[in-house]
Amino acid sequence: VFVDSLFRSVNLTYQKSVSRYSVSLYRYVIPHWELLNDTVYPLNAEWYANWFYGLLNLTSPEQAPIFMSKPRFLDATPEFRTNLTGMKEPDDESDNTMMDAEPLTGFVFNVHKRLQINVRLQQNSGWLLWSPVANVRDTLVPIVFVDETASASKSTCDEFVDKVYKPIKIVNDVRWALVALGSAMVVVSASLMICWTLRKKRLGQSLDEMRLISSEHPSTQDF
């Protein structure tokens, strides 16, 4: 998926099955390896991932020391979070970008694009010498957190269930009913065949006995 705000494409991977108003969905998220640096994951070299992992380097397109990450530096180097005071531990459920899609149709019923915009703060031996931030570490400072979301309403989900799930259920019910009817017909046919075979066998035995009796007691005629 190409994300224009990130100036790159990202792969989404299946995480788990969820539901929304009786609609069964597959949840897809941005995997951690999409944000690894190029030393660990060389395929990310084309996105200038040459610093710490867990970051999206936008320095070149934005012409500023801007790095994007997941909120609260989820899947990023822990050092960025420990350098700040008051930042909570990240949570994959509430801080990861995710998309809930219906597997039969591919319709998306719920999506959250969660990003954190950070500015790189570096020491400078020049004009910052007497500044209050002259002794800061080379780190990232979060500027803003973004959560772009869109979700299907209950009425939309109910309409989907009526127009998609119910016809599929009817087709499946008819299919299994035909399977049961066919199985019953096979059983009845097999039973009739067995009965016919047994009856034929008994009839053959009766004819053989009659022939045997006739041969032992031949009939005579008076002339």
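Worth saying up front: this structure is predicted, and the values here are computed from it rather than measured. FYI, side chains are in, hydrogens and waters are out, and symmetry mates aren't considered; it's all heavy atoms of this structure.
- The nearest pair of heavy atoms linking Lys70 to Gln116 is O-CB, 3.9 Å.
- No option in Phe67, Tyr53, Trp51 other than Trp51 meets the ring-ring contact (aromatic ring centres under 6.0 Å, His included) test with Phe80.
- Taking hydrophobic clusters as Ile, Leu, Val, Met, Phe, Trp and Tyr residues chained together by side-chain heavy-atom distances below 4.5 Å, Val186 does not share a cluster with Val188.
- Looking at Asn83, its side chain does come within 3.5 Å of a backbone N or O of Glu79 through a donor-acceptor pair.
- Residues Gly54 and Ser69 share a closest heavy-atom pair of O-CB, 3.5 Å.
- Note that OG of Ser24 is 8.5 Å distant from CG of Leu104, once rounded to the nearest 0.5 Å.
- With hydrogens and angles disregarded, a donor-acceptor distance shorter than 3.5 Å links the side chain of Asp91 to the backbone of Ser94.
- Side chains of Thr59 and Ile66 form no contact here, defined as non-hydrogen atoms less than 4.5 Å apart.
- Under the 3.5 Å distance criterion, with hydrogens and angles disregarded, no donor-acceptor pair is assigned to the side chains of Asn96 and Gln15.
- Going from atom CG of Leu36 over to atom CG of Asp75 covers 8.5 Å, rounded to the nearest 0.5 Å.
- A side-chain contact (heavy atoms from CB on, under 4.5 Å) with Arg120 is found for exactly one of Leu140, Asn57, Thr139, Val141, namely Leu140.
- In terms of hydrophobic clustering, with Ile, Leu, Val, Met, Phe, Trp and Tyr side chains grouped at heavy-atom distances under 4.5 Å, Met87 and Val119 are assigned to different clusters.
- With hydrogens and angles disregarded, a donor-acceptor distance shorter than 3.5 Å links the side chain of Thr97 to the backbone of Arg114.
- The residues Glu89 and Arg81 are annotated as salt-bridged, a charged nitrogen and a carboxylate oxygen being separated by less than 4.0 angstrom.
- Residue Phe73 holds its CZ atom at 12.5 Å from CG of Leu35, rounded to the nearest 0.5 Å.
- In the hydrophobic clustering of ILVMFWY residues, with side-chain heavy atoms under 4.5 Å counting as a link, Leu74 and Val10 come out apart.
- Val161 has its side chain within reach of Val23: a pair of non-hydrogen atoms, C-beta onward, lies under 4.5 Å apart.
- Salt-bridge check for Lys154 with Glu159: failed, with every basic side-chain N at 4.0 Å or more from each acidic carboxylate O.
- Side-chain contact check for Leu25 versus Ser17: every heavy-atom pair is 4.5 Å or farther apart.
- At a threshold of 4.0 Å, the pair Arg20-Glu102 does not count as salt-bridged, since none of the basic side-chain nitrogens sits closer than that to a carboxylate oxygen.
- Counting heavy atoms from C-beta outward, Phe109 and Ser151 have side chains that stay 4.5 Å or more apart.
- In this structure, the separation between CD1 on Ile30 and NZ on Lys113 is 9.5 Å, given to the nearest 0.5 Å.
- In this structure, Asp92 contributes its side chain and Asp95 its backbone to no donor-acceptor pair below 3.5 Å.
- Nearest heavy atoms, Pro71 versus Phe145: CG-CE1, 2.8 Å.
- A salt bridge links Arg27 with Asp100: at least one charged nitrogen is closer than 4.0 Å to a carboxylate oxygen.
- When each of Asn37, Leu43, Asp38, Thr39 is checked for a side-chain contact (heavy atoms from CB on, under 4.5 Å) with Tyr41, only Leu43 meets the rule.
- Put simply, Ile170 and Leu178 are part of the same group of oily side chains (I, L, V, M, F, W, Y) that touch within less than 4.5 Å, one to the next.
- Nearest heavy-atom pair, Tyr28 versus Ala101, reported as atom, atom and distance to 0.1 Å: CE1-CB, 4.3 Å.
- Counting heavy atoms from C-beta outward, Met99 and Asn110 have side chains that stay 4.5 Å or more apart.
- Follow the hydrophobic side-chain contacts under 4.5 Å out from Val144 and you reach Leu58 in the same cluster.
- No side-chain heavy atom of Arg72 sits under 4.5 Å from any side-chain heavy atom of Pro142.
- Within a 6.0 Å radius of CZ in Phe107, no more than 12 heavy atoms belonging to other residues, nucleotides or ligands are found.
- Counting heavy-atom neighbours within 6.0 Å of Tyr26 OH, excluding the residue itself, gives a total of 12 or less.
- Between Tyr21 and Phe160, the ring center distance fails the sub-6.0 Å criterion.
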Dump the intermediate steps for side-chain contact (heavy atoms from CB on, under 4.5 Å) on Val29 and Leu12, then the final yes or no.
CA-CA 5 Å; Val29 298; Leu12 300 178; 6.0 Å; no
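- Within the 3.5 Å criterion, the main-chain N or O of Val111 finds a donor-acceptor partner in the side chain of Thr149.
- Here the side chain of Ser189 pairs a donor or acceptor atom with the backbone of Met185 at under 3.5 angstrom.
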